[in-house]
J.: 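Can you read through this structure? Questions will come right after.
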Amino acid sequence: MRDNRVVRTFRGAWSVAGLAAGVAGLATSYFVAMAMTLRDSPVVAVANLVVKLTPGWLAHYLIEQVGKLDKPLLLLGIFVVLALVFAWAGRLARRIWWAPALVYGVLTMIGAIAAREERGSSAVDVVPVAVGFVTWLVALSLLTEPLRRAELAAPAPAPAPAPAVPDVTAVDRLEPASVRADHTRRTFVIRAGILAVGAVVLGAAGRVVGRGRRHVEESRRLLRLTQVTEPAVPKGARIGLEGVTPWQTPNSRFYRIDTAIVVPAIEPKNWSLRIHGNVDREITLTYADLVDRRFTEAWVTLCCVSNEVGGDLIGNAWFSGVRVADLLREAGVHDDADAVLQTSDDGWTCGTPLTALTDDRNAMLAVAMNGTPLPLEHGFPARTVVPGLYGYVSACKWVVDYEVTNFADISAYWTDRGWGEKGPIKLASRIDVPRSGAEVPSGAVTFGGVAWAQHTGIEGVEFSVDGEDWTDAEIAAVTSTDDTWVQWKGVAELAEGDHTVRVRAIDKDGQVQTGVEQDVLPDGATGWHTLDFTCT
Ligand SMILES: Nc1nc2c(c(=O)[nH]1)N[C@H]1C(S)=C(S)[C@@H](COP(=O)(O)O)O[C@H]1N2
Ligand SMILES: [Mo]
């Protein structure tokens, strides 16, 4: 006689296995995200991505229908979809054991893309989804293994089932088989139970672990930095050509480089900076001390030494903070010192030339970026910004220690790894328009981009098409400090066909940007940015 009861129970069990495995993976990924103090768990990152991808008209329609674009509602929706997909993956496993891996792979890809789209994300931010993926695979095989055994042990339906199911008709129907089935069923229930409890425990632990960052985000949100002003892009800084990188880089688009797998989450009240070493008086500055001091504000273009020719590891923001020169003067720097060894809360170090911190440039212990307290990823609550030096020798984020010292006596994170000691930013320029490989109408073709020579200033920009003579480009007005990049544009009359354009800049010392190509290691790339495009 056909035993439908057993078969039906099992089909449900496969869905339950899928669901339990799915939840377990969500829990581990959530926990890892919180332990890494990432801004959001993968699911929340996906919700953010959905919001970002929702076309304007649809958002508008939803707002009219539902009243607002509701994040909790969206999250609920995502969880419902996930639950269905998880259950489906479990059922797929019954017939095609490897099919769930594909389903999980797709979910993992979506999660990884969402994680990378998060503000200030870095490559390691995909670790939580990767952990979730592994959890899904392990948990599902743990749960489906007893189910497979139970199916083999269970009395088979009378007519042979679909061919993909192993031929179990030969299994005997005596007592031991059903005992075995009972046993494997118990194994299944126990494993599912352990996974469920584990998921709940991890979820709770993740909440506790993530609380640190949430508190700091909240403290940051509540800060009122009265001396910080809103950024106002100087008149004339924009060249007015579409496609050229915006002069001001919003915090959400600002490149991020650091060695921190876990972004330090520091409460302002727990932060202090110690200034010591070759000084008359050691100083310890609290956050309250810091924001009580007189502020300085400036546009500064930060650049990474790892920025390749034509690369985008560069950004321009309005920074607010106190002058490092003033702090060092109060500490009383000894004459024989030539360096400040900066240390961040996470132990990263850099050695900065003392002169760059004490001369007339606006070297700053910054607390705000583009008019808001520093984002956690960019060094909250305080970081150093030194115009004219690459980040790796100057722009210490989450900085907690300035040791006045000598280059001869110190080693720092990147200089230990073969990078140059001093790190002045090199004169450079980039083409943003047209894009490499673009097709543009023949005739008058417009070129544009940015050029920089922080703390020296850009005098001019030249471009050359198809190896012809260098032509002067028009450059936008520069701010008074010369510490920012400059937008440029130019026009050339071109016939149909393939073309090549290159750019070079001239700084205010009269130095012409070199065409000698050099790699980023050890102290920054050189060479002319060159790209190909086609006129149609
Ligand atoms: N604590 C800390 N500060 C750091 C780094 C780091 O790894 N750790 N990287 C430096 C490098 S190499 C650069 S280019 C800048 C980048 O700053 P940003 O991430 O705010 O753009 O930060 C600098 N400050
Ligand atoms: Mo860097």
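By convention here, the first residue in the shown sequence is residue 1. Just so we're clear, the structure is a prediction, and the values are computed from it rather than from any experiment. Ligands are counted one by one from 1 in listed order, and the atoms in each one are counted from 1 as well.
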J.: Among all protein heavy atoms in this structure, tell me which lies nearest to atom 19 (O) of ligand 1, with the distance rounded to 0.1 Å.
T.: K397 NZ, 2.5 Å

J.: Verify the ring-centre separation between W136 and Y104: is it less than 6.0 angstrom?
T.: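 Ring centroids of Y104 and W136 are less than 6.0 Å from each other.
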
J.: Please state which protein non-hydrogen atom is closest to atom 4 (C) of ligand 1 and give its distance, to 0.1 Å?
T.: W348 CZ3, 3.5 Å

J.: Answer yes or no: is there an ion pair linking K508 with E459, defined by an N-O contact shorter than 4.0 Å?
T.: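 Salt bridge between K508 and E459, a charged N being under 4.0 Å from a carboxylate O: no.
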
J.: Where does the angle between the aromatic ring planes of F463 and F447 fall among parallel (under 30°), tilted (30 to 60°) and perpendicular (over 60°)?
T.: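 Plane angle between 30° and 60°, so tilted.
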
J.: Applying a 4.0 Å heavy-atom criterion (strictly less than), which segment of C304 is in contact with ligand 1: side chain, backbone, both, or neither?
T.: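 The answer is both, backbone and side chain.
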
J.: What part of D346, side chain, backbone, both or neither, has a heavy atom within less than 4.0 angstrom of ligand 1?
T.: side chain

J.: Nearest 0.5 Å, what's the CD-CG distance between E403 and N278?
T.: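 Rounded to the nearest 0.5 Å, the CD-CG separation comes to 8.0 Å.
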
J.: So, is H378 polar-close to ligand 1, with some N/O to N/O distance under 3.5 Å?
T.: yes

J.: Just checking, is any N or O donor in the side chain of D416 or S411 under 3.5 Å from an acceptor N or O on the other one?
T.: yes

J.: Under 3.5 Å, is there a donor-acceptor pair between the D482 and Q454 side chains?
T.: no

J.: Hey, are K426 and D523 close enough for a salt bridge, meaning a charged N less than 4.0 Å from a carboxylate O?
T.: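 D523 and K426: salt-bridged.
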
J.: One pair to check against salt bridge (charged side-chain N to carboxylate O under 4.0 Å, His left out): R221 and E217. What are the steps and the verdict?
T.: CA-CA 6 Å; R221 206 177 58 78; E217 291 276 13; over 6 Å; no

J.: Looking just at side-chain N and O atoms, do N370 and Q248 make a donor-acceptor pair shorter than 3.5 Å?
T.: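 Q248 and N370 do have a side-chain donor-acceptor pair below 3.5 Å.
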
J.: Does S344, backbone or side chain, put an N or O under 3.5 Å from an N or O of ligand 1?
T.: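 By distance alone, the answer is yes.
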
J.: Starting from atom 24 (N) of ligand 1, what is the nearest protein heavy atom, named by residue and atom, and what distance separates them?
T.: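 Of the protein heavy atoms, A395 O, 2.9 Å lies nearest.
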
J.: Looking only at distances, please establish whether an N/O atom of ligand 1 is found under 3.5 Å from an N/O atom of I257.
T.: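 Yes; the residue has a nitrogen or oxygen that sits under 3.5 Å from a nitrogen or oxygen of the ligand.
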
J.: What atoms of ligand 1 come within less than 4.0 Å of a heavy atom belonging to Y255?
T.: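 Listed by number with element: 14 (S), 16 (C), 18 (P), 19 (O), 21 (O).
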
J.: List ligand 1 atoms under 4.0 Å from F254, heavy atoms only on the residue side.
T.: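 Numbered from 1, ligand 1 contributes 21 (O).
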
J.: What part of W398, side chain, backbone, both or neither, has a heavy atom within less than 4.0 angstrom of ligand 1?
T.: side chain

J.: Looking at ligand 1, does M369 have a heavy atom less than 4.0 Å from it?
T.: no

J.: Could you list the atoms of ligand 1 found under 4.0 angstrom from a heavy atom of Y392?
T.: 11 (C), 12 (S)

J.: Do me a favour and list the nearest non-hydrogen protein atom to atom 17 (O) of ligand 1 with residue, atom name and distance?
T.: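 Sorting protein heavy atoms by distance from atom 17 (O) of ligand 1 puts R383 NH2, 3.0 Å first.
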
